[in-house]
Amino acid sequence: MDPTLVLPLAFLFNGATLALAFDGIVQAIYVLSTSKRTLTVAILLVNNILFFTYCCVNLAQITASLPNCTSLTYTANFFGHATMITLDALLLLKCWIVCRKNRDIGVLLLLALLHRLGWSICDMVMTYAIPVNGVCVYNQYPASLAGFSSADIICDGLATICAIMMNFHEFGSSVARFAAFVFKENS
């Protein structure tokens, strides 16, 4: 890729993401100010605030001077993990609700979320950036990258498997009944 395009593309993608996160914040505040005060909406609000902050830190990191390289990298890494953990928490909470708040499934989903949290902590401890010869060099710890990525996949997989199992349990093969349920849950 042409190096002169990196900065404009970074600003374009981060700017678009900032706009989406800001819209999510406004919508969540509106929903919370009405009668739908739910934990899922509160998690969405927190997730969008974290995502908005993550994008701001990324933009600062891209344009930062070298003395700020290390601190901004740690900050971006923290907000990146916090954003993904709240998103996983939302996904797993919705899965638990769909599974009728089954205690055993809840324990399994909580363990998956704690697994993700553990890998996030490992990554924040082991991954770093340092200025070297005028460039901010990011050193991603390979094991934590594999760990938190696989933990996200585990969270997504568990939620998908639980949703499919509950779909067959509740609706059999009736696509119309399932579609009505999905519409009701997401409106």
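If you read the sequence from its start, that first residue is 1, and numbering goes on from there. Fair warning: this is a prediction, and the values are worked out from it, not measured in the lab.
Linking Ile, Leu, Val, Met, Phe, Trp and Tyr whenever their side-chain heavy atoms come within less than 4.5 Å leaves Ile161 and Met166 in two separate clusters. If you chain together hydrophobic residues whose side chains sit under 4.5 Å apart, Phe52 and Val41 fall into the same group. By the rule that hydrophobic residues join a cluster once side-chain heavy atoms approach within less than 4.5 Å of another member, Leu45 and Val26 end up as members of one cluster. Met84 and Met124 end up in different hydrophobic clusters when Ile, Leu, Val, Met, Phe, Trp and Tyr side chains are linked at under 4.5 Å. Linking Ile, Leu, Val, Met, Phe, Trp and Tyr whenever their side-chain heavy atoms come within less than 4.5 Å leaves Val31 and Leu87 in two separate clusters.
With rounding to the nearest 0.5 angstrom, the CG atom of Asn77 is 7.0 Å from the CD atom of Gln140. Going from atom OG1 of Thr86 over to atom CG of Leu113 covers 9.5 Å, rounded to the nearest 0.5 Å. Note that CG of Asp123 and CZ of Phe78 are 13.0 Å apart. Values are rounded to the nearest 0.5 Å. Atom CG of Leu108 and atom CG of Leu92 lie 9.0 Å apart (nearest 0.5 Å). In this structure, CD1 on Ile25 lies 9.0 Å from CG on Leu50, to the nearest 0.5 angstrom. For the atom pair Ile49 CD1 and Phe79 CZ, the distance stands at 10.5 Å (nearest 0.5 Å).
The two residues Ile85 and Ser120 have their closest heavy-atom pair at CD1-OG, 3.4 Å. Heavy-atom minimum distance, Ala151 versus Trp119: CB-CD1, 4.3 Å. The two atoms that bring Thr75 and Ser71 nearest to each other are OG1-O, 2.8 Å, heavy atoms only. Minimum heavy-atom separation, Ala129 to Thr73: CB-OG1, 3.2 Å.
Among residue pairs with one or both ends in residues 132-164, those qualifying as ring pair (Phe, Tyr, Trp, His ring centres under 6.0 Å) are His81-Phe148; sequence neighbours excluded. Within the structure, no pair that satisfies the salt bridge (Lys or Arg N to Asp or Glu O under 4.0 Å) test touches residues 69-80, not counting sequence neighbours. Each salt bridge (Lys or Arg N to Asp or Glu O under 4.0 Å) pair with one or both residues in residues 80-91, not counting sequence neighbours, appears once here: Asp88-Arg116. For residues 153-169, no pair satisfies salt bridge (Lys or Arg N to Asp or Glu O under 4.0 Å), with sequence neighbours left out.
Considering only residues two or more places apart in sequence or on other chains, Phe51 meets the ring pair (Phe, Tyr, Trp, His ring centres under 6.0 Å) condition with none of them. For the side-chain contact (heavy atoms from CB on, under 4.5 Å) test, residues two or more places apart in sequence or in another chain that qualify with Leu111 are Val107. Under the rule for a side-chain contact (heavy atoms from CB on, under 4.5 Å), Ile153 has no partner lying at least two apart in sequence or in another chain. Legend: residues meeting side-chain hydrogen bond (donor to acceptor under 3.5 Å, both in side chains) with Thr38, ordered by chain and number and at least two apart, are Thr40. Under the side-chain contact (heavy atoms from CB on, under 4.5 Å) criterion, Leu114 pairs with Leu110, Leu117, not counting sequence neighbours. For the disulfide (SG to SG under 2.5 Å) test, no residue two or more places apart in sequence or in another chain qualifies with Cys99. Contacts of Leu39 classified as side-chain contact (heavy atoms from CB on, under 4.5 Å), with partners at least two apart in sequence or in another chain: Ile43, Leu93.
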Cut-off 3.5 Å, no hydrogens considered: what does the side-chain donor-acceptor table look like for residues 8-20, sequence neighbours left out?
residue: Asn14; atom: ND2; partner: Ala10; partner atom: O; Å: 2.9
residue: Thr17; atom: OG1; partner: Phe13; partner atom: O; Å: 2.8

Practice prompt. Determine, stepwise, if the pair Cys162 / Val98 fulfils side-chain contact (heavy atoms from CB on, under 4.5 Å).
Written response: CA-CA 8 Å; Cys162 288; Val98 166; over 6 Å; no

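Residues Asn139 and Thr127 fail the side-chain proximity criterion, which asks for heavy atoms closer than 4.5 Å. Side-chain atoms of Asn47 and Leu90, non-hydrogen and from C-beta on, never get closer than 4.5 Å to each other. Considering only heavy atoms from C-beta on, Cys95 stays 4.5 Å or farther from Leu158 through its side chain.
Under the 3.5 Å distance criterion, the side-chain polar atoms of Ser33 are matched with a main-chain donor or acceptor of Tyr30. Counting only distance, with no hydrogens or angles, the side chain of Trp96 and the backbone of Asn102 share a donor-acceptor pair below 3.5 Å.
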